[in-house]
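Only one structure is covered here, and it is reproduced in the block below.
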Amino acid sequence: MDVGIDGRRSALRPSIELPGFPEWSPAGVSLERRLIRAISEGFESHGFRPLDTAAVQPWSVLTAGDGQYSDGGVGKPIFRVAEPPETDTGARLGLRYDLTVPLARHIAERGDTLAFPLSCYQIAKVWRAEIPDLSHAREFYQCDLDVIGRGELSLFFDAEIACALHAAFEAVGLGDFTVRISNRRALAALLAVHGQHDTRVKAIVQIIDEGGRQPREKTVLQLRDAGVADAVAEDIGELLSLHTVREARDLFARRGADQGGLDELETVIDAAIGLGMPAGRLRLDFSITRGHDYYTGTVYETFVSGREHWGAIGSGGRYDNLLGHVTGERYPGVGVSIGLTRLVGLLLEDARAGGTAPDEVVVTRGPDAREGSLLEVVRELRRRGLPTRVLFDPPADPSVREDFATLVEVRGDGSCTVRHMPGGQVREVDAGSVAEFVASGRSS
């Protein structure tokens, strides 16, 4: 309970903080919904169709395959769901911690009725019972994009995933960004010639993944500190410094390493560009490894230029054994995931720092303005398709509010004061043309 100014606890202000469970103000919710629409349109423009799976899943499904898609192994991030006694079915249930596991269950149950390859996307909330911090929420939206095959899946779908991810971020309007791409088979092949296999490869992948975009010399030092032989660490350092498949082929040829992963990488990059993805938006980066064991080939991470401190805002890759631990049948897949809730928080921080403001017009009435003039201005703004909110009882100083893009004050002399947020540029415009003026400013 909160303590009031008189020292007593207030029954009207209980302490109900829920760390790790974000709650947005109207501006945040509006931004979240705009992003959902934009991402959906980007995915659907490439033929991906929406899929909806249950938030509650059988415990056996969530922990199948040793919880291979969860961060930290079986049970660690999973919320248990308890049924009330009067409707208890005896089932052990939990909240989904990602969208891949429910997709796998959906395919396992309905595989005989689905057309493959299955191209789908899901935008929904997931829950993880983690200790919350700045980068880990307990409830958040994910946007997953997947292609699942039956038996085989063409590498060209890896290119299609990259293109659809690009289309989604273009629709969001993030400015300049790059989809960085690599291939886990290529790294494994280089390590194999040094006798590094299985558990040792996993440890090395984790070190490279956690190193992120740090200088390669630091990653080499970390590998040596972890007991990796100097020759192995040096070859990894050289690989991380390369920017083309041709350069990598030279290294692999010198070491006698299998080049199948490089062949796949070249095929995917060429196909993505052939499908229309701008070459400058797809960048080869061998430091992209994705630490999870289930990735088997292509891997991606997306970064916004100038905001690399955000980290990856969309990542994923190919997984060739989606349901092997459940059905024994081969269902290869490739997909990416966007952490929508985290992206909303980052964009709201940018807005508060003077970046993009929510796309909304707010209309207020000056002390001498007629109600009819106010209603007419609002009607015309909405008729032009501009999101418009009217403050019939405006605050004393509405100009201090910056959770909208444009403030229009209707005055009694037939004019309107138009203030653009957050910069505060002010123009006086005739009431009859204010809607046209605001609309033209949006389109310019």
Would you say [X]'s side chain and [Y]'s backbone share a donor-acceptor pair under 3.5 angstrom?
X: T289; Y: I208; answer: no
X: R105; Y: T53; answer: no
X: R330; Y: E152; answer: no
X: R150; Y: G111; answer: yes
X: T341; Y: F140; answer: no
X: R216; Y: G237; answer: yes
X: Q122; Y: L99; answer: yes

State the [atom1]-[atom2] distance between [X] and [Y], to the nearest 0.5 angstrom.
X: T178; Y: E308; atom1: OG1; atom2: CD; result: 7.5 Å
X: L62; Y: L93; atom1: CG; atom2: CG; result: 9.0 Å
X: I131; Y: R138; atom1: CD1; atom2: CZ; result: 8.0 Å
X: L343; Y: I313; atom1: CG; atom2: CD1; result: 5.5 Å
X: L347; Y: L35; atom1: CG; atom2: CG; result: 6.0 Å
X: E139; Y: K125; atom1: CD; atom2: NZ; result: 4.0 Å

Sequence neighbours excluded, which residues qualify as salt bridge (charged side-chain N to carboxylate O under 4.0 Å, His left out) partners of [X]?
X: R379; answer: none
X: R290; answer: E301
X: D158; answer: R318
X: E32; answer: none

Heavy-atom closest pair, residues [X] and [Y]:
X: S287; Y: D285; value: OG-OD1, 2.6 Å
X: P332; Y: G151; value: CD-N, 3.9 Å
X: I39; Y: C143; value: CD1-SG, 4.0 Å
X: A248; Y: F286; value: CB-CZ, 3.7 Å
X: A124; Y: R96; value: CB-NH2, 3.1 Å
X: A162; Y: Y300; value: CB-CE2, 3.9 Å

Problem set entry | Identified side-chain contact (heavy atoms from CB on, under 4.5 Å) partner of V361 from the options V390, L407, V438 | V438

Exercise. With L265, which of D270, L155, V299, L284 fulfils side-chain contact (heavy atoms from CB on, under 4.5 Å)?
Worked result: L284

For this session: Check step by step if side-chain hydrogen bond (donor to acceptor under 3.5 Å, both in side chains) holds for Q214 and T219.
Result: CA-CA 7 Å; Q214 69 183 8; T219 300; 2.9 Å; yes

Check side chain to side chain contact (heavy atoms under 4.5 Å, CB included) between [X] and all other residues, then give those that pass, not counting sequence neighbours.
X: T89; value: E83, A91
X: D258; value: R185, A189
X: A192; value: H197

A side-chain contact here means heavy atoms from C-beta on lying under 4.5 Å apart; do [X] and [Y] qualify?
X: I181; Y: I288; result: no
X: L145; Y: I161; result: yes
X: I148; Y: L103; result: yes
X: T406; Y: L386; result: no
X: L118; Y: V147; result: no
X: I123; Y: Y141; result: yes
X: R80; Y: R92; result: yes

Exercise. Can you list every ring-ring contact (aromatic ring centres under 6.0 Å, His included) pair that touches residues 20-53, not counting sequence neighbours?
Worked result: F43-Y121

Problem set entry | Test: D263 and R249 ion pair at under 4.0 Å | yes

Exercise. Could R254 and D250 be called an ion pair, given the rule that one side-chain N must be under 4.0 Å from one carboxylate O?
Worked result: yes

Exercise. Do you know which of D146, T296, T298 makes side chain to side chain donor-acceptor pair (under 3.5 Å) with Y319?
Worked result: D146

Exercise. With R110, which residues qualify under side-chain hydrogen bond (donor to acceptor under 3.5 Å, both in side chains), at least two apart?
Worked result: H106

For this session: Count the heavy atoms belonging to other residues, nucleotides or ligands that lie under 6.0 Å from CD of E436, then report whether that count exceeds 12.
Result: no

For this session: Take L95 and V56, measure what side-chain contact (heavy atoms from CB on, under 4.5 Å) needs, and give me the verdict at the end.
Result: CA-CA 5 Å; L95 289 176; V56 176; 4.1 Å; yes

Which atom pairs, one a donor and one an acceptor, fall under 3.5 Å between side chains of residues 163-175 and the rest of the protein, sequence neighbours left out?
from : atom 1 : to   : atom 2 : distance (Å)
H166 : NE2    : R281 : NH1    : 3.0
E170 : OE2    : R281 : NH1    : 2.9

Problem set entry | Counterpart residues, ring-ring contact (aromatic ring centres under 6.0 Å, His included), relative to F116 (two or more places apart) | Y331

Return a table of donor-acceptor pairs under 3.5 angstrom between the side chains of residues 228-236 and protein atoms on other chains or two or more places apart.
from : atom 1 : to   : atom 2 : distance (Å)
D230 : OD1    : R224 : NE     : 3.3
E234 : OE2    : R224 : NH2    : 2.4
D235 : OD1    : R255 : NE     : 3.2
D235 : OD1    : R255 : NH2    : 3.1
D235 : OD2    : H194 : NE2    : 2.7
D235 : OD2    : R255 : NE     : 2.7

